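Working notes for the structure below.
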Amino acid sequence: MSVKISKIEQMKKIGEELLDLKTSPLYTYRIENNYFPVIGEGSLDAKIMFVGEAPGRNEAKTGKPFCGTAGKILDELLASAGIKRTEVYVTNIVKDRPQENRDPTQDEISIYGPLLDKQIEIIKPKVIATLGRYAMVYVMKKFDLELQLEPIGQAHGKAYEAKASYGEVKIVVFYHPCAAIYNWKKLPMLIEDMQILKGIKTNGSVSLLSRSNGSVEA
Ligand code: URA
């Protein structure tokens with residue numbers, strides 16, 4: 001007899017696995033600083049799943065993704081496309097804070113990546129929106145889009161069609177919201193890119209308005 005485990009229970013299991021991830025080079029740093037791991041937050045039935053890089057200090061202190069300055073920008077970007085944060089799921093590839101917000105290492109990405117893979121299988125998003133270069137590379141490689149990888153300066157705002165175990169999925173590439181912290185002049189471009197998600201309907205088909213790839217239906 002097959003027993004269907006609820007999405008909440010499946011996500012809880014990932015949370016437990018994450019809490020006990022002693023093989024991670026970031027585990028000791030988490031414990032020494034009383035930080036939390038950041039599993040992710042949002043609707044487990046979300047059509048859109050945002051994947052960032054790794055938690056920063058605010059995130060590690062609260063256990064919530066994108067709750068600091070980058071989060072404020074993400075909220076602004078979502079609002080510009082008429083999307084509520086509660087409708088989407090927001091997470092990162094690496095789920096513990098790297099020291100001094102350094103870039104995640106390949107080793108760390110390999111350790112935490114499988115947890116993100118499991119989250120994708122639970123949520124089954126129609127659209128995976130990558131935030132920043134690390135998320136773009138990880139997600140595109142995962143969905144066999146390696147040959148289409150290009151620098152984020154060219155890929156941002158584009159949608160790529162891929163096949164997940166549960167059906168069609170679109171990968172949409174965005175700059176990391178921090179790009180607007182380093183250079184405020186980039187904000188209008190980030191806002192323009194986000195409009196690709198504007199056509200997402202809450203019931204039925206997902207229509208993306210891609211400035212580079214034309215309009216595509218899922
Ligand atoms: N930057 C990220 O990539 N993720 C967060 O959760 C916060 C900042």
Side-chain angles (χ1 to χ4, degrees), residues 2-75 78 84-125 127-139 141-143 164-166 169 176-178:
S2 78
V3 181
K4 206 169 168 226
I5 309 175
S6 76
K7 288 186 171 193
I8 297 172
E9 283 171 81
Q10 291 178 66
M11 204 56 94
K12 219 172 127 195
K13 271 189 153 186
I14 297 178
E16 285 161 8
E17 208 179 312
L18 177 57
L19 263 177
D20 205 31
L21 200 61
K22 298 195 177 81
T23 49
S24 167
L26 301 174
Y27 179 82
T28 315
Y29 182 58
R30 182 216 294 169
I31 300 297
E32 284 172 357
N33 287 280
N34 287 323
Y35 285 157
F36 291 103
V38 183
I39 180 168
E41 190 180 55
S43 166
L44 298 187
D45 294 316
K47 283 194 174 211
I48 312 171
M49 182 171 184
F50 282 86
V51 180
E53 186 177 305
R57 190 158 172 268
N58 287 307
E59 288 76 20
K61 280 185 140 188
T62 58
K64 290 177 181 295
F66 284 94
C67 63
T69 316
K72 286 207 177 78
I73 296 170
L74 178 62
D75 289 347
L78 290 175
K84 293 195 189 91
R85 175 102 174 224
T86 48
E87 290 169 353
V88 301
Y89 191 84
V90 181
T91 187
N92 291 294
I93 321 174
V94 169
K95 307 206 187 278
D96 279 302
R97 183 192 181 206
Q99 294 88 342
E100 306 310 320
N101 295 349
R102 62 160 170 75
D103 289 343
T105 64
Q106 203 44 60
D107 193 24
E108 288 156 4
I109 290 171
S110 306
I111 286 172
Y112 292 93
L115 298 181
L116 172 64
D117 297 348
K118 286 185 197 172
Q119 290 179 295
I120 293 171
E121 289 301 316
I122 294 170
I123 294 170
K124 304 187 186 352
V127 176
I128 300 177
T130 62
L131 301 170
R133 188 164 50 93
Y134 286 94
M136 171 187 79
V137 171
Y138 181 84
V139 172
K141 280 188 179 171
K142 170 180 166 55
F143 286 104
S165 64
Y166 54 86
V169 64
H176 195 283
C178 277

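Here the structure is a predicted model, which means the values were calculated and not measured. What you see below is based on every heavy atom in this structure, not just the backbone, and it leaves out hydrogens, waters and symmetry mates.
In this structure, CD1 on I8 lies 11.0 Å from CD1 on I122, to the nearest 0.5 angstrom. Separating the CD1 atom in I48 from the CD1 atom in I123 is a distance of 12.5 Å, to the nearest 0.5 Å. Interatomic distance, CG of L18 versus CD1 of I39, reported as 6.0 Å (0.5 Å rounding). Between R57 atom CZ and T69 atom OG1 the span is 11.5 Å, to the nearest 0.5 Å. Y35 contributes atom OH, which lies 11.0 Å from atom OG1 of T62 (distance to the nearest 0.5 angstrom). Note: S24 OG to K95 NZ = 12.0 Å, rounded to the nearest 0.5 Å.
Counting heavy atoms from C-beta on, the side chains of V38 and K64 never come closer than 4.5 Å. For the pair T105/S110, no side-chain contact is recorded, criterion being any heavy-atom separation below 4.5 Å from C-beta on. Two residues are said to be in side-chain contact when any heavy atoms from C-beta on lie closer than 4.5 Å; L44 and M11 meet this criterion. At least one side-chain heavy atom of R85 sits less than 4.5 Å from a side-chain heavy atom of L74. For the pair Y166 and P125, the minimum side-chain heavy-atom distance is below 4.5 Å. With a 4.5 Å cut-off on side-chain heavy atoms, E41 and T91 do not count as touching. Looking only at side-chain heavy atoms (C-beta outward), Y112 and D96 come within less than 4.5 Å of each other. Side-chain contact check for S43 versus V88: every heavy-atom pair is 4.5 Å or farther apart.
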TODO: Take V137 and T130 through the side chain to side chain contact (heavy atoms under 4.5 Å, CB included) test and state the conclusion after the steps.
DONE: CA-CA 9 Å; V137 171; T130 62; over 6 Å; no
Task: Candidate pair D117 and Y138, rule side chain to side chain contact (heavy atoms under 4.5 Å, CB included), full reasoning - done: CA-CA 10 Å; D117 297 348; Y138 181 84; 2.8 Å; yes
Open item on the list: Show, in sequence, the C-alpha distance, side-chain angles and deciding distance for V51 and M136, and conclude whether the side chain to side chain contact (heavy atoms under 4.5 Å, CB included) test is met.
Closed with: CA-CA 9 Å; V51 180; M136 171 187 79; over 6 Å; no
Task: side chain to side chain contact (heavy atoms under 4.5 Å, CB included) assessment of D103 paired with E53 - done: CA-CA 8 Å; D103 289 343; E53 186 177 305; 3.9 Å; yes
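Using a 4.0 Å cut-off between a side-chain N of Lys or Arg and a carboxylate O of Asp or Glu, E17 and K118 qualify as a salt bridge. For E108 and R102, the salt-bridge test passes: some basic side-chain N is under 4.0 Å from an acidic carboxylate O. Ionic pairing of D45 and K124 is not present here: no N-O contact between side-chain nitrogen and carboxylate oxygen is shorter than 4.0 angstrom.
No side-chain donor-acceptor contact under 3.5 Å links Y134 and N92.
Here the shortest heavy-atom pairing between L19 and Y27 reads O-CE1, 3.5 Å. Nearest heavy-atom pair, G52 versus A135, reported as atom, atom and distance to 0.1 Å: O-CB, 3.9 Å. Here the shortest heavy-atom pairing between V127 and V169 reads N-CG2, 4.3 Å. Between P55 and R97 the shortest heavy-atom distance is O-CG, 3.4 Å. The shortest heavy-atom contact between P104 and V94 is CB-CG2, 3.7 Å. A pairwise comparison of heavy atoms in S165 and E121 identifies OG-OE1, 2.6 Å as the closest pair.
No more than 12 heavy atoms of other residues, nucleotides or ligands shown are found within 6.0 angstrom of NZ on K141. Other residues, nucleotides and ligands contribute more than 12 heavy atoms inside 6.0 Å of the NZ atom of K142.
Side-chain atoms of E87 come within 3.5 Å of backbone atoms of K84 as a donor-acceptor pair (strictly under, hydrogens ignored).
Taking Y89 as the reference, nothing meets the ring pair (Phe, Tyr, Trp, His ring centres under 6.0 Å) condition, with sequence neighbours excluded.
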